[in-house]
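Report on the following structure.
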Amino acid sequence: PLTLLYYSSFKRSLKVLDSSQKAIVKRVLNSLLVYYASSCTLSEVQKQEPRFFYKKLREPYYEAGVESKVRVLIERDKSECIAILAGNHDQIRRFLTGINKYQ
């Protein structure tokens, strides 16, 4: 099974979210735990969160969400999945664009 860990950047990203956005992030994290525990079986997690999505952006980055407004960016390395940031589409895009500058 995959293990979910958190970078300090993820914890910092939570500080700027309001309470309803934090509640969505909590739902995403709970869904990720179910997803990873079920050997990445999408149907298992969608029993709890029908709108859950887990999408590969580019190696090694993925995004997960239960609604379109707030997502969690994840870096996947073998059996470890590390939450990098919680935010909206634009914030994730800015993060990935910033990564390109240094590669």
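FYI, the numbering just counts along the sequence from 1. Computed from heavy atoms alone, side chains included, the values below leave out hydrogens, waters and symmetry copies.
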Salt bridge (Lys or Arg N to Asp or Glu O under 4.0 Å) against [X], all qualifying residues, sequence neighbours excluded:
{"X": "E67", "value": "R27"}
{"X": "K11", "value": "none"}
{"X": "K15", "value": "none"}

Looking at residues at least two apart in the chain, or sitting in another chain, which of them share a side-chain hydrogen bond (donor to acceptor under 3.5 Å, both in side chains) with [X]?
{"X": "K47", "result": "E44"}
{"X": "Q48", "result": "none"}
{"X": "D77", "result": "none"}
{"X": "S8", "result": "R12"}

Tell me every residue that passes side chain to side chain contact (heavy atoms under 4.5 Å, CB included) with Y36, counting only those two or more places apart in sequence or in another chain. L2, L4, L32, C40, Y54, I74, C81
For K78, the side chain to side chain contact (heavy atoms under 4.5 Å, CB included) test, sequence neighbours excluded, returns none
Flag yes if [X] and [Y] sit in one hydrophobic cluster, no otherwise; membership is Ile, Leu, Val, Met, Phe, Trp, Tyr, and two members link when side-chain heavy atoms are under 4.5 Å apart.
{"X": "I84", "Y": "I92", "result": "yes"}
{"X": "V72", "Y": "V34", "result": "yes"}
{"X": "L29", "Y": "Y7", "result": "no"}
{"X": "F53", "Y": "L57", "result": "no"}
{"X": "V70", "Y": "F95", "result": "no"}

Atom of [X], atom of [Y] and distance for their closest heavy-atom approach:
{"X": "S13", "Y": "A86", "value": "OG-N, 2.9 Å"}
{"X": "V28", "Y": "V66", "value": "CG2-N, 3.7 Å"}
{"X": "S31", "Y": "E49", "value": "OG-CG, 3.1 Å"}

Can you list the residues that meet the ring pair (Phe, Tyr, Trp, His ring centres under 6.0 Å) rule with F52, with sequence neighbours excluded? Y35
So, using ring pair (Phe, Tyr, Trp, His ring centres under 6.0 Å) as the criterion, who are the partners of Y6 when residues are at least two apart? F10
Nearest 0.5 Å, please: how far is OG1 in T3 from CD in E80? 6.5 Å
For the CG atom of L17 and the CD1 atom of I24, what is their distance to the nearest 0.5 Å? 9.0 Å
So which pairs with a foot in residues 17-26 pass side-chain hydrogen bond (donor to acceptor under 3.5 Å, both in side chains), sequence neighbours left out? D18-S20
Using side chain to side chain donor-acceptor pair (under 3.5 Å), reason through E75 and Y62 one step at a time and then give a plain yes or no. CA-CA 6 Å; E75 179 180 350; Y62 294 76; over 6 Å; no
Which one of R93, K55, R58, R76 satisfies the salt bridge (charged side-chain N to carboxylate O under 4.0 Å, His left out) criterion with E63? K55
Return yes if some donor-acceptor pair links the side-chain N/O of S9 with the main-chain N/O of L85 below 3.5 Å, else return no. no
